[in-house]
There are 2 protein chains.
Amino acid sequence: MELKKPYLLFLGDAADPLAAKVAQGIKTWHPEYCVGQYRLPTCNADCEVDDLSIEQAVKAGAKTLVIGVANRGGVISQEWISVLVEALDAGLDIASGLHNKLTDIPELVASAEQNGRALFDVRYPTQSYPVANGKNRKGKRLLTVGTDCSCGKMYTSLAIEKEMKAQGMNADFRATGQTGILITGDGVSVDCVVADFIAGAIETISPENSSDHWDVIEGQGSLFHPSFAGVTTGLIHGAQPDALVLCHEPTRTHMRGLIDYSVPDIKTCMEANLAAAKLTNPNVKFVGISVNTSQLGEKAALEFMDKVESEFGLPVVDPFRQGVSRIVSKLSEV
Amino acid sequence: MELKKPYLLFLGDAADPLAAKVAQGIKTWHPEYCVGQYRLPTCNADCEVDDLSIEQAVKAGAKTLVIGVANRGGVISQEWISVLVEALDAGLDIASGLHNKLTDIPELVASAEQNGRALFDVRYPTQSYPVANGKNRKGKRLLTVGTDCSCGKMYTSLAIEKEMKAQGMNADFRATGQTGILITGDGVSVDCVVADFIAGAIETISPENSSDHWDVIEGQGSLFHPSFAGVTTGLIHGAQPDALVLCHEPTRTHMRGLIDYSVPDIKTCMEANLAAAKLTNPNVKFVGISVNTSQLGEKAALEFMDKVESEFGLPVVDPFRQGVSRIVSKLSEV
């Protein structure tokens, strides 16, 4: 599953900017993939690219309409269907990361077939993956891990890939969730893989490579999240990482969605991740800590990061405030 | 998915007794579920129950024909089909734990529909499971964990359930793999669940219960097996175990299927399992070690077990040689 580029970003009837965060993510990380956006009259989001009709988007070279908006419950709204059919008729593929599938909507399936176009439900794996073989493979890999879910692993990974490329390094972001897949056009939504194949799927998307090449693999979940730690464990083992970056959101009071579970302290979390990662790569080490300080003022943020940096002796950055160049510099030691 | 009992064990054309180990397992643990066996002329296995025709099995009360034989590659042999269709016509359901599905064979699907019978491919979940909620639940749970895959977790769990019931305790074996499901008639093949729902599936099959009740949950894989540790992690978290039993095969030279990975020592393995299990039950403890000494002579086996017992101060038994009563006695301390 590799999406054809460039994209027309479909913002639909996004109620607010947050509802269009997938489209915003694509625009932020890969503006060169975006020929424009399509908005319905009630849309309250704006990715600050050209507003195009389907016809204009096709003329501008668009190959795929990407649904960049999330409705409540991951539903594909009835109001969208006529636009999506128009896009298929005009020669575009459609990609979606929503829970509900494009391929479950008869009008879309019929139109895609008739026009020879593809519908990509990127949340759902379309290929089968092997059981992981655990074999040591060439090339280097960096993996982001977290004290919790949704604390900045995708953002940090994309920032690291971008910084590495800017420094002339040979690097590729490897997406493991639907938003990352839509941003990059490829990857696996690892939490939707059958349990036996979690690690095997990650081995598949980050294969052996030249010895100067880095895969920057997007982590998922947390070893300390009782709902999802199985996914995280398999992901760590399959990634066979040389370098780990811990992602942390310092104001969170409990694990996401589970009020009975407190967030682990950074030291405990790093030790557990190192222990898990050493199974498939005994030389793995942490190269930095990425803190999402969006809920803190600048002073509090900097104080927190200083404290963590002096405790662990690693670069501690907020990618959004400071970039990740200090973490990338550390990779020369791996 | 609960299979109707009793069963007719289908041994087919089993090349040797090992090929019929699923049928043998059902006979060993639940002889009361078995009205008889059906063998093709070339069968080289024998569960030592009555050989019955389909007609005789139905008269004897059989409700489900269970495929108790494994072919190379988990294939449903062409030679079996006419017998299976005869069974459906005669009013039996069919259950299979093979990789290839009964429901992918048009003759069987047609006959099942026509006769109003069910086809159970127990390897494949038929219900959807929730994301685990991690909430503390009443009732007690014992989980078997292992230094490796295939080192006696199912056998140990079944032996513990049997011993607990013999002692008048309130206990239920909870199957997490296809053989266990066929033996007990219910459960979930946890390595075939979508990754996000591993822990949630285990919470579902071992729900809140009365405070004197024990679920004896069959473990899978190993935290030290790089192909499957994700499954093991989710299973441990979902099980929320009060008691752990470590299963070990002392002659194994490397992790199953992976010659580059050595088997962890018992202490390291116990520590890792305790750390993982404490996330959802801080009071969890080991209550025993179950050693599969089938590859050792009696003297070497007893010496090995003595050594381990003196090292860890826990009951160490081979369930096959000595039973598990010493482990069950330890449960009063939990």
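Quantities reported herein were computed from a predicted structural model and do not represent experimental measurements.
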Using heavy atoms and a sub-4.5 Å threshold, report which of [range] line up against chain B, by residue number.
range	value
residues 243-256 of chain A	none
residues 227-240 of chain A	Ser227(A), Phe228(A), Ala229(A), Gly230(A), Val231(A), Thr233(A), Gly234(A), His237(A)
residues 122-148 of chain A	Val131(A), Ala132(A), Asn133(A), Gly134(A), Lys135(A)
residues 258-267 of chain A	Leu258(A), Asp260(A), Tyr261(A)

>> Taking atom NE2 as the centre, does His213(A) end up with more than 12 heavy-atom neighbours from other residues, nucleotides or ligands that are less than 6.0 angstrom away?
In response: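 Yes, the 6.0 Å shell around NE2 holds more than 12 heavy atoms from other groups.
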> When only pairs under 4.5 Å are counted, which of Gly221(A), Ala199(A), Ala272(A), Pro226(A) shares the most heavy-atom pairs with chain B?
Replying inline: Pro226(A)
> Taking all atoms of both residues into account, what is the closest heavy-atom pair of Ile198(B) and Ile198(A), and its distance?
Replying inline: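 Scanning both residues completely, I find the closest heavy atoms to be CD1-CD1, 4.0 Å.
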